[in-house]
Colleague: 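Handing you this structure, nothing more for now.
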Amino acid sequence: MKKLALLVAAALMCASMAACGSSSSSSGSASASAESSASASASASTEATASGEETTGDTLIMGTNAAFPPYEYYEGDQIVGIDADIAKALGDKLGMEVTIEDMDFNSLITAVQTGKIDMVLAGMTVTPDREENVSFTDSYATGIQSIIVTEDSEITGPDDLEGHKIGVQESTTGHIYCSDDYGEDNVIAYTTGANAVEALKTGKVDAVVIDNEPAKAFVEANEGLKVLDTEYTVEDYAIAVAKENTELLDKLNTALAELKEDGTIQSIIDKYITAE
Ligand code: GLN
């Protein structure tokens with residue numbers, strides 16, 4: 001996991017330099033890093049999806065926000081991680097090539113609704129509000145909202161967050177639930193989790209609420225921070241597709257079931273997350 005820690009450290013350094021925009025919404029440069037050879041057929045399949053027809057292309061475009069280790073992050077100019085590997089395994093099952101588009105987390109739902117991408121794999125939690133706009137496959141992983149604080153913090157659990165400034169990643173469940181529970185005035189939303197962690201390090205916020213695996217990765221890469229041993233919420237991660245794209249939803253669910261059954265999903269998770 002040392003490699004991951006280094007990468008996260010690099011991402012954090014990026015976050016503090018304005019010129020480094022790996023989380024910017026301009027997906028052009030990011031998509032170039034994915035297998036760009038398939039971009040022609042990719043757009044064909046996207047158009048079909050956007051118009052509500054069956055997916056006929058042989059390329060699946062996965063949308064993500066590649067600042068969420070170990071689910072998705074950059075290794076050089078490649079996007080790697082649990083979600084990237086699962087998408088690839090699904091593509092192999094379905095005989096389709098997978099390309100990855102990196103964008104802001106809060107652009108993903110619109111991107112899949114409009115057919116810019118075919119599916120979202122972004123450690124995305126199934127929520128009733130999101131289900132009004134997209135369809136979710138069966139779940140492939142569990143996420144926990146964790147609390148990161150400085151080592152000397154007096155905050156020991158969710159109840160102590162009351163009245164404190166909380167940093168979150170924009171549009172995530174951490175953002176939504178903290179705004180509901182502690183009031184919008186106490187919550188500061190950042191474009192990426194790395195930016196929220198940077199704000200904690202510089203004292204702009206007193207805690208960061210974010211999914212547990214990225215939380216662990218960020219703490220590993222930063223001195224003086226810890227993840228509290230309490231669960232704020234427990235959530236299911238699933239793949240989001242456009243509501244009208246029922247054919248893709250069915251195909252993904254069938255492939256996902258096979259990949260769970262034969263142990264592929266677990267071995268991908270184990271590759272990136274070491275058991276405690
Ligand atoms: N699981 C959280 C959500 O779905 C965060 C996901 C992310 O930041 N990539 O809102």
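First listed ligand is number 1; within each ligand, the first listed atom is number 1. In what follows, residues are counted from 1 in the order of the sequence shown. Everything numeric here is computed off the predicted structure, so don't read it as measured data.
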Colleague: What I want to find out is whether Glu247 reaches Lys251 closely enough, with some N-O distance under 4.0 Å, to be called a salt bridge.
Modeller: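 Looking at Glu247 and Lys251, the cut-off is met.
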
Colleague: Which of the atoms in ligand 1, numbered in the order shown and given with their element, are less than 4.0 Å from a heavy-atom of Tyr237?
Modeller: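 Checking each atom against Tyr237, I get 1 (N).
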
Colleague: Taking 4.0 angstrom as the limit and counting only heavy atoms of Met124, give me the atoms of ligand 1 inside it, by number and element.
Modeller: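 By the 4.0 Å cutoff, the relevant atoms are 4 (O).
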
Colleague: Based purely on interatomic distance, does Arg130 place a nitrogen or oxygen under 3.5 Å from a nitrogen or oxygen of ligand 1?
Modeller: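 Yes; at least one N/O pair falls below 3.5 Å.
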
Colleague: Do you know which of Thr254, Asp138, Val241 makes side chain to side chain contact (heavy atoms under 4.5 Å, CB included) with Leu249?
Modeller: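 So, applying the side chain to side chain contact (heavy atoms under 4.5 Å, CB included) to Leu249 and each of Thr254, Asp138, Val241, only Val241 qualifies.
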
Colleague: Gln145 and side-chain hydrogen bond (donor to acceptor under 3.5 Å, both in side chains): which single residue from Asp211, Thr230, Thr125 fits?
Modeller: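 It is Asp211, the one option of Asp211, Thr230, Thr125 that forms the side-chain hydrogen bond (donor to acceptor under 3.5 Å, both in side chains) with Gln145.
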
Colleague: Check whether any heavy atom of Tyr71 sits under 4.0 Å from an atom of ligand 1.
Modeller: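 Heavy atoms of Tyr71 never come under 4.0 Å of ligand 1.
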
Colleague: Are Met62 and Val120 close enough, and set up right, to give a side-chain contact (heavy atoms from CB on, under 4.5 Å), and what steps lead you there?
Modeller: CA-CA 6 Å; Met62 158 185 159; Val120 178; over 6 Å; no

Colleague: If you have a sec, work out which protein heavy atom is nearest atom 8 (O) of ligand 1 and how many Å separate them, to one decimal?
Modeller: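 Looking at atom 8 (O) of ligand 1, the protein heavy atom closest to it is Gln169 OE1, 2.8 Å.
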
Colleague: Specify whether Tyr237 and Tyr140 have parallel, tilted or perpendicular ring planes, treating 30° as the upper limit for parallel and 60° as the lower limit for perpendicular.
Modeller: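 Correct class here is tilted.
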
Colleague: Check whether any heavy atom of His175 sits under 4.0 Å from an atom of ligand 1.
Modeller: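 No; His175 lies far enough from ligand 1 that no heavy-atom distance drops under 4.0 Å.
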
Colleague: Identify which of Ala122, Gly143, Ala67 has a heavy atom lying nearest to atom 9 (N) of ligand 1.
Modeller: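 Shortest heavy-atom distance from atom 9 (N) of ligand 1: Ala122.
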
Colleague: Do the side-chain N and O atoms of Asp152 and Thr150 include a donor-acceptor pair separated by under 3.5 angstrom?
Modeller: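 Distance-only check passes for Asp152 and Thr150.
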
Colleague: Please classify the Glu213 to ligand 1 contact at 4.0 Å (heavy-atom distances, strictly less than): side chain, backbone, both or neither.
Modeller: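 Under 4.0 Å from ligand 1, Glu213 contributes no heavy atoms.
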
Colleague: Could you identify the single nearest non-hydrogen protein atom to atom 5 (C) of ligand 1 and state the distance to 0.1 Å?
Modeller: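 Here the nearest protein heavy atom works out to Asp211 OD1, 3.3 Å.
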
Colleague: Would a hydrophobic clustering, with Ile, Leu, Val, Met, Phe, Trp and Tyr connected at side-chain separations under 4.5 Å, put Tyr74 with Ile86?
Modeller: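 Yes, Tyr74 connects to Ile86 through the hydrophobic network.
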
Colleague: Are any of the N or O atoms of Thr173 closer than 3.5 Å to those of ligand 1?
Modeller: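 Between Thr173 and ligand 1, an N or O pair is found under 3.5 Å apart.
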
